[in-house]
Amino acid sequence: MSTPARYNFHETEARWQKVWNERQTFRAVMDRARPKYYVLEMFPYPSGRIHMGHVRNYTQGDVIARYKRARGFNVLHPMGWDAFGLPAENAAMEKKVHPKKWTYENIATMKVQLKSMGLSLDWSREIATCDPSYYRHQQKMFLDFWNAGLAYRKEAWVNWDPVDNTVLANEQVIEGKGWRTGAPVERRKLTQWNLKITHFADEMLERLDTLKRWPEKVRLMQANWIGKSRGARVFWDLTDASGADRGKLEIFTTRPDTLYGASFAALSPEHPIVAELAGSDPGLERFVAECRKTGTAAAEVETAEKVGYKLPLLARHPLIPGKTMPVYAANFVLMEYGTGAIFGCPGHDERDHEFATKYGLPILPVVAPADTDPKAFSVADAPFVEDGVIINSDFLNGLGVDDAKARVISRLEEMGVGKGTTQYRLRDWLVSRQRYWGCPIPAIHCEGCGIVPVPDKDLPVQLPDDVTFDRPGNPLDRHPTWKHVDCPKCGKPGRRETDTFDTFIDSSWYFDRFTSPGLETAPFDREENHYWMPVDQYIGGVEHAILHLLYSRFWTRAMRDVQMTDRDEPFDGLFTQGMVCHETYRAADGAWLTPEEISRDGATVVRLSDNSPVEVGRSEKMSKSRKNVVDPDQIIRDYGADTARWFMLSDSPPERDLEWTEAGVTGAWRFQQRLFRIASTALEKVPPAGTSKPASFPDAAIALRRAAHKAIAGVSADIEAFHFNKAVARLYELANTIDSFKAADEPAKWALREALEIFVRLIGPMTPHLAEELWQQLGHKSLLADSAWPQPEDALLVDDTVTVAVQLNGKLRGTIALPKDAPKAAAEAAALVMPELLRGLEGRAPKRVIVVPNRIVNVVV
RNA sequence: GCCCCCGUGGCGGAAUUGGUAGACGCGCCUGACUCAAAAUCAGGUUCCUCACGGAGUGUUGGUUCGAGUCCGACCGGGGGUACCA
């Protein structure tokens with residue numbers, strides 16, 4: 001036997017990539033006769049180089065794409081670039097390179113890197129969101145939404161990121177800090193563009209239940225973010241100390257059942273009534289200013305004491321004639337939620353209790369635990385927030401909380417002093433950004449006409465190239481000429497809007513654009529879009545559970561409302577993959593070290609440069625700051641794309657974090673080599689392709705055939721269920737079985753070829769280059785990428801003999817081999833003569849014997 | 001605080017509907033090959049015990065002929081979210 005050649009992945013991977021490219025194997029064309037399958041991974045931001053997170057994401061998507069393709073689906077698997085964004089501007093400031101140049105150079109680099117992974121992508125559909133041919137349609141859609149009342153400008157308190165010098169949407173503030181910079185956000189009152197995402201709050205919440213192929217976790221996060229709560233709005237008459245009418249106060253509450261326990265009213269410091277009073281009250285003005293200073297960071301909020309400022313007003317209780325209560329401005333009342341005003345019920349709310357205790361306000365219990373004597377029940381020390389029975393509340397006494405809510409709301413409505421309402425936590429999407437490298441907002445400010453849309457004929461509003469980044473702030477704003485345009489309505493000099501769109505708009509419809517990427521006259525062709533959409537399988541990081549995934553659901557509905565599509569949801573199936581982690585290393589001086597800077601010998605780890613000891617830290621998400629990054633380029637160069645892909649899929653379930661280890665990679669690499677060797681050795685024995693099937697097989701060959709056909713069924717099910725690690729384990733098993741198979745006669749050799757062919761087809765989605773190579777060596781002229789997925793023979797999926805466990809009182813005593821579906825009596829008889837069982841029985845007679853066919857016999861004494 | 005998820009060998013992780021716990025891989029050990037090493041190949045590898053056997057899926061209690069899986073309480077880890085009235 002000749003020594004098998006070593007597998008040259010360099011040459012092989014490049015060769016097959018070239019073949020796929022030249023034959024345009026993965027080009028997608030609409031074909032109504034075939035079922036479509038749209039596989040999409042979240043497109044990358046062109047930051048410079050791909051990282052391991054990309055490799056994991058795109059490997060998973062590629063497995064699905066290639067698998068579905070083999071199963072006969074017309075697969076669309078495109079790739080593009082989320083190309084607008086702040087890093088390009090930061091690069092411009094630091095490296096004096098234009099954002100456009102920087103972005104396109106990064107795209108070029110990353111495209112080469114992605115191509116080296118051997119992904120089954122249709123590159124002819126590549127798009128970049130910074131291309132005017134893309135964003136012109138975005139501008140047009142925005143104008144349509146504006147026209148339909150889904151976009152508006154409003155002055156409001158907004159989140160300002162002081163590092164990026166721009167406003168942020170609510171979703172982009174994480175624990176009081178900017179999502180990109182981590183800087184504590186400031187509150188500013190500004191006039192900004194908003195999209196009316198709240199218009200769809202209820203629909204988006206309701207439809208979550210129908211997204212069966214989304215992770216439960218993501219649906220839950222979105223539901224919490226939308227935050228629907230039922231309650232009531234209640235109107236309180238305000239008077240001053242003399243009893244003179246001072247208007248009405250509207251509050252929101254989810255606990256109208258506790259209205260009889262009210263002891264004060266509190267307004268947000270930003271409430272209009274407070275603002276008005278502050279004009280003539282310097283003390284109040286100081287209080288409001290003080291509240292504004294307190295940050296919104298989680299730690300600050302938690303420790304901040306509840307403080308109030310008593311206003312010269314009294315509120316009349318809507319249900320208790322003659323009862324009035326004090327009115328405060330209070331720092332814990334938010335202007336953005338409800339009506340910016342509350343009533344305080346200290347007996348049944350933590351915050352109100354703290355506030356009332358501090359200011360000596362009455363604390364009256366109006367709900368008591370069901371089995372407690374109401375007279376003995378006190379909430380002086382702590383509020384009672386659980387369900388119970390209403391007390392001290394006139395017509396509500398004796399009711400449960402839910403009944404009381406319904407009863408009091410109908411009473412309030414009868415009296416005309418309140419109404420039942422639904423409140424959402426979700427707020428409208430603030431989309432203007434005071435930045436250059438984004439899609440210009442197509443609007444013109446005119447002194448006479450107000451804010452005017454840019455006419456269709458003037459679209460796209462293109463970014464000017466000649467901008468400077470020598471100063472902070474928005475380069476568009478200080479551009480000498482760009483913003484000076486005439487009003488399209490009256491022709492007088494106007495001013496162009498210099499804000500650009502939040503880049504999350506760019507990514508809210510790119511999946512639609514992929515269905516007709518070159519179309520100039522519209523964002524997409526209706527028929528193409530109707531054929532390909534929705535995305536059947538979307539894959540990306542869970543960090544977008546709210547941001548991108550919520551915005552995309554909104555944009556899809558907005559397009560529907562302006563009659564562009566008839567679709568409600570963009571993504572039929574969603575999978576969120578885990579992060580790629582790596583150990584961290586620190587030198588004695590505390591400096592982080594890269595994996596290349598260290599050397600490992602058994603348990604000891606030292607620094608390569610000077611052999612000094614290195615402290616090994618826990619595995620964390622790969623990040624530049626901790627230096628625990630491994631460059632995919634390097635891995636692909638040293639081990640090949642197939643090895644990187646195989647390792648990404650083995651071991652860890654795809655939704656969980658994966659720890660990247662050098663040992664794991666070399667293990668994956670050795671397996672590629674071993675496979676090549678197993679196949680090469682076997683190839684010398686097997687009959688040529690197309691040899692007809694023998695009439696019968698020896699037992700060993702039947703066992704091999706069973707193993708191969710079971711692998712088909714198992715791997716298929718595993719891929720469908722995103723259990724790639726289990727599919728990998730099955731493939732190892734099949735490889736081991738093939739490796740140890742001795743093909744003595746012709747039927748056995750035929751079975752060996754069959755098993756090899758099945759194996760090669762099963763690894764096709766995972767290690768496509770090696771599989772394509774072996775497929776060719778097996779004597780096939782056509783591409784594996786164009787071949788159908790193997791079909792298992794049903795007869796080979798079931799065994800004719802099964803191993804049945806025999807237990808004594810539930811403890812395993814041994815196993816017996818029985819024909820499949822043997823009668824219970826036969827199983828029992830076979831078990832009862834087992835020596836291991838008899839020894840355990842010690843002569844006792846069985847009280848009961850439980851037989852589960854094909855599984856277990858349990859003897860009970 | 002509230003909501004959700006997860007605790008299985010030295011490690012990553014398997015285990016349809018409750019039915020032989022530890023598949024598969026990594027690591028480690030032994031042996032073969034080699035002057036030697038690497039690579040490769042063969043065997044072993046949950047723990048205790050020489051063995052027979054026993055124990056074992058975070059802890060603890062329960063349901064069941066039988067529990068990693070179901071139920072209760074607790075401990076630990078992770079994620080989401082929050083003065084949301």
What nucleic acid atoms does [X] come within less than 4.0 Å of, heavy atoms only: base, sugar-phosphate, or nothing?
X      : result
A/S652 : sugar-phosphate
A/T803 : base
A/R730 : nothing
A/V852 : base
A/E733 : sugar-phosphate
A/N736 : sugar-phosphate

Interatomic distance at P, B/A23 relative to B/U16, whole Å: 15 Å

Do A/T584 and A/N628 have side-chain N/O donor and acceptor atoms under 3.5 Å apart? no

Under 3.5 Å, is there a donor-acceptor pair between the A/E171 and A/W429 side chains? no

Just jot down the side chain to side chain donor-acceptor pair (under 3.5 Å) partners of A/S740, sequence neighbours excluded, or say none. none

Syn or anti for B/G22? Use the chi torsion, O4'-C1'-N9-C4 for purines and O4'-C1'-N1-C2 for pyrimidines, with syn inside 90° of 0. anti

Atom-pair distance ([atom1] on [X]; [atom2] on [N]), nearest Å:
X      : N     : atom1 : atom2 : result
A/K710 : B/U16 : NZ    : P     : 16 Å
A/K726 : B/G22 : NZ    : P     : 16 Å
A/H544 : B/G80 : NE2   : C1'   : 16 Å
A/D739 : B/G43 : CG    : P     : 11 Å

Can you say whether a donor on the side chain of A/R855 sits under 3.5 Å from an acceptor on the base of B/U16, or the other way round? no

Could you walk me through whether A/Y359 and A/Y328 pass ring pair (Phe, Tyr, Trp, His ring centres under 6.0 Å), step by step? CA-CA 11 Å; A/Y359 292 101; A/Y328 290 83; 5.5 Å; yes

Pair A/K820 + A/D799, salt bridge at N-O below 4.0 Å: no

Any A/R839 side-chain nitrogen or oxygen under 4.0 Å from OP1 or OP2 of B/G53: yes

Can you figure out which of B/A82, B/C84, B/A85 approaches the side chain of A/R427 most closely? B/C84

